[in-house]
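Below is one structure, written out as structure tokens; the observations come after it.
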Number of protein chains: 2
Amino acid sequence: MAGDITHAISNRVFELLRAKIVTGELRPNEPLIETDLAQLLDVSRTPIRESLQRLAAIGLIVPRRRGWAVREYTPAEVLGKFEVRIALEGFAAFLAAQRGTDDQLRRCKRIHEDRLTVEPGDEDRRISTNRDFHAAIIDAAGNEQLKEAIYETGRFYLNRPVVRSSTREEMALAHAEHAAIVDALLARDSQRAEREMRAHIRRTFLMFQRLEPGVHLA
Amino acid sequence: MAGDITHAISNRVFELLRAKIVTGELRPNEPLIETDLAQLLDVSRTPIRESLQRLAAIGLIVPRRRGWAVREYTPAEVLGKFEVRIALEGFAAFLAAQRGTDDQLRRCKRIHEDRLTVEPGDEDRRISTNRDFHAAIIDAAGNEQLKEAIYETGRFYLNRPVVRSSTREEMALAHAEHAAIVDALLARDSQRAEREMRAHIRRTFLMFQRLEPGVHLA
DNA sequence: GTGAACAATCTTGTATGCAGAAATGATTTG
DNA sequence: CAAATCATTTCTGCATACAAGATTGTTCAC
């Protein structure tokens, strides 16, 4: 969905509705009444309906017998989404180790080292450098479709859980895992890079999800 | 996008347009004129516009400065899409070996063995048993989100290339690869199952794609 | 008081109207 | 004859209209 040039109102509506869903302002199973939404956002039903189509396409709403409702995700389904991300981003690490340029991999390392200097309290930089690190690896994978697919999984969960501030221990753990990934990348060990990336994502997920018993990540 | 209950016309329009794109009837870069499409399918612009949103969401059309155009995929981009599928379906094999039930894995084996009896000329059964085999593994992975994601990649390319009839040698090769996957699954060797599945998909892709030099699958 | 039949009200699905931006093409000027 | 300017046409983006089906509420029979 890159390069949206037109659809000014429609895009704004889409993002607003998406935000209201992932933040929980529109609750799961809540029926979405077009006229209400139109009034709420002060537009006509047309851009509302177009946005609903897009929200359905990314799985945030589901069709009801009549109209749409916010999709309820069970913990198992959230886990499922995360496993998709594990598959995709792990493979990105695999590809990056295999065919990323030396420059690209050195850039991953540089971002990682830069991140080591972030103060524990500086949440903004902690988050942004983490995003940059993952983005650098995905870039190094050199597959735009894969990048889009990963980005798409992000649209689902990114804003969903509260972004908790992280402890010093948690940061040290993340640093160690990032270091392991960087090491594997520079060694061009694609399998190890994939393994480390999977473990890293799995752990960060487990950090802030309380799973039902019996549901486990691979 | 399961369980579409309403949107009767809209859904029909979506499928018709999708078919016209993947079959090439609507050519890449061809501008999509809403009024023309509406006239062609004998509906108003409204369901056309809603379908265009959905087509954009699955990557078949892209926004232009004005309106939409059929997205042109370069060979490298098609390759990119396939790599996404490799990542997802490989991971499905991984999960299947790890947590599929014995019943589910035996079913994979049974479908595989059943497929061995297919006559070389029987294209319908060759295709359907292959689909069943892959579906059985994806089912055994026990992740509905992953299944949906794999299915989604299919919406893009399935109808695209001509489904070539396959030689006796090609079938023997596919059988051998399927056997290797089944073997790894029953041995509960998840890493090997993933590796074999990746190799299998990679090879089937290479079979009917002529790649530009310099572009290689991982 | 409970349940069925029916009426009134919502809400959607589709069609159409309208203003403005973009593309097209004609006309003028150097 | 080429390029630029301006008028015309086309097409989109958003708003609104309308009918059919779904939902809700009410009345009436038992």
Side-chain angles (χ1 to χ4, degrees), chain A residues 1-21 25-72 155, chain B residues 1-21 25-72 155:
Chain A
M1 202 62 50
D4 288 357
I5 303 164
T6 63
H7 304 100
I9 291 185
S10 201
N11 280 332
R12 186 175 62 86
V13 167
F14 171 73
E15 286 301 337
L16 285 173
L17 290 181
R18 176 178 158 274
K20 285 184 190 303
I21 293 172
E25 187 177 339
L26 289 171
R27 312 281 295 283
N29 293 317
E30 183 164 341
L32 298 161
I33 309 301
E34 294 174 3
T35 46
D36 292 357
L37 297 175
Q39 196 163 13
L40 182 68
L41 302 181
D42 200 39
V43 296
S44 79
R45 281 175 57 215
T46 304
I48 297 287
R49 286 178 60 81
E50 295 186 0
S51 297
L52 292 177
Q53 293 289 336
R54 294 171 62 181
L55 292 168
I58 63 175
L60 283 179
I61 67 176
V62 287
R64 280 266 178 282
R65 169 139 66 159
R66 184 173 187 183
W68 306 92
V70 176
R71 174 163 179 179
E72 162 130 57
R155 297 183 71 86
Chain B
M1 201 60 50
D4 288 357
I5 302 165
T6 64
H7 304 102
I9 290 184
S10 205
N11 281 333
R12 187 176 62 85
V13 166
F14 171 72
E15 286 301 338
L16 285 173
L17 290 180
R18 177 179 157 270
K20 284 184 190 301
I21 292 172
E25 187 176 340
L26 288 171
R27 310 284 296 281
N29 293 317
E30 183 163 342
L32 296 162
I33 309 301
E34 294 175 4
T35 45
D36 291 357
L37 296 176
Q39 196 165 14
L40 181 68
L41 302 182
D42 200 38
V43 295
S44 80
R45 282 174 56 214
T46 303
I48 297 288
R49 285 176 61 80
E50 295 186 359
S51 297
L52 292 177
Q53 292 291 334
R54 293 171 63 182
L55 292 168
I58 63 174
L60 283 179
I61 67 175
V62 287
R64 279 267 177 281
R65 168 136 68 159
R66 183 177 187 180
W68 306 91
V70 176
R71 174 162 179 180
E72 162 130 56
R155 296 183 71 86

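A, B, ... follow the sequence lines: proteins, then strands. Residue 1 opens every chain. Because only heavy atoms are used, hydrogens play no part in the values below, and waters and symmetry mates are left out as well, while side chains stay in. If you're wondering where the values come from, they're calculated on a predicted model, not measured in any experiment.
Listed by chain and residue number, nothing satisfies the side-chain contact (heavy atoms from CB on, under 4.5 Å) test with B:D42 (two or more places apart in sequence, or in another chain). The side-chain contact (heavy atoms from CB on, under 4.5 Å) check on B:E15 picks up B:R18, B:R155, with sequence neighbours excluded. Remark: B:N29 engages B:R64, B:E72 in a side-chain contact (heavy atoms from CB on, under 4.5 Å) (not counting sequence neighbours). In this structure B:R49 satisfies the side-chain contact (heavy atoms from CB on, under 4.5 Å) test together with A:E50, B:E34, B:R45, sequence neighbours excluded.
Atom CD1 of A:I33 is separated from atom CD1 of A:I48 by 12.0 Å, given to the nearest 0.5 angstrom. Note that CG of A:L16 and CD1 of A:I9 are 11.5 Å apart. Values are rounded to the nearest 0.5 Å. For the atom pair A:S51 OG and A:I61 CD1, the distance stands at 9.0 Å (nearest 0.5 Å). With values rounded to the nearest 0.5 angstrom, B:K20 atom NZ is found 12.0 Å from B:L32 atom CG.
Rounded to a whole Å, the CG atom of A:L52 is 13 Å from the C1' atom of C:dT11. Atom CD1 of A:I48 and atom P of C:dG13 are 14 Å apart (whole Å). Atom CZ in B:R65 sits roughly 16 Å away from atom P in D:dC11 (whole-Å rounding). In this entry the distance linking CG of A:N11 with P of D:dG13 reads 10 Å, nearest Å. Across the protein-nucleic acid pair, A:R49 atom CZ and C:dT12 atom C1' stand 7 Å apart, rounded to whole Å. Between the CH2 atom of B:W68 and the P atom of C:dA22 there is a distance of 16 Å, given to the nearest Å. Atom CD of B:E34 is separated from atom P of C:dA15 by 13 Å (rounded to the nearest Å). Computed from coordinates, the B:L32 CG to C:dA22 C1' distance equals 17 Å when rounded to whole Å.
Nucleotides of DNA chain D nearest to A:D42 and B:D36 differ in position, and the one nearer the 5' end is that of B:D36.
Partner A:V70 forms a side-chain contact (heavy atoms from CB on, under 4.5 Å) with one of A:L55, A:L17, A:L26 and no other, that one being A:L26.
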Where do N or O atoms of nucleotides 6-8 of chain D meet protein N or O atoms at under 3.5 Å, pair by pair?
none

Any protein N or O atoms within reach of nucleotides 16-21 of chain C? Criterion: under 3.5 Å, listing atom names and distances.
{"residue": "C:dG17", "atom": "O6", "partner": "B:R45", "partner atom": "NH1", "Å": "3.4"}

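With distances taken from any side-chain atom of A:T35 to the nucleotides D:dC11, D:dT23, C:dT11, the minimum falls on C:dT11.
At the phosphate of D:dT12, neither OP1 nor OP2 sits under 4.0 Å from any side-chain N or O atom of B:R64.
No engagement by A:L37 is indicated, since no non-hydrogen atom pair under 4.0 Å with the nucleic acid exists.
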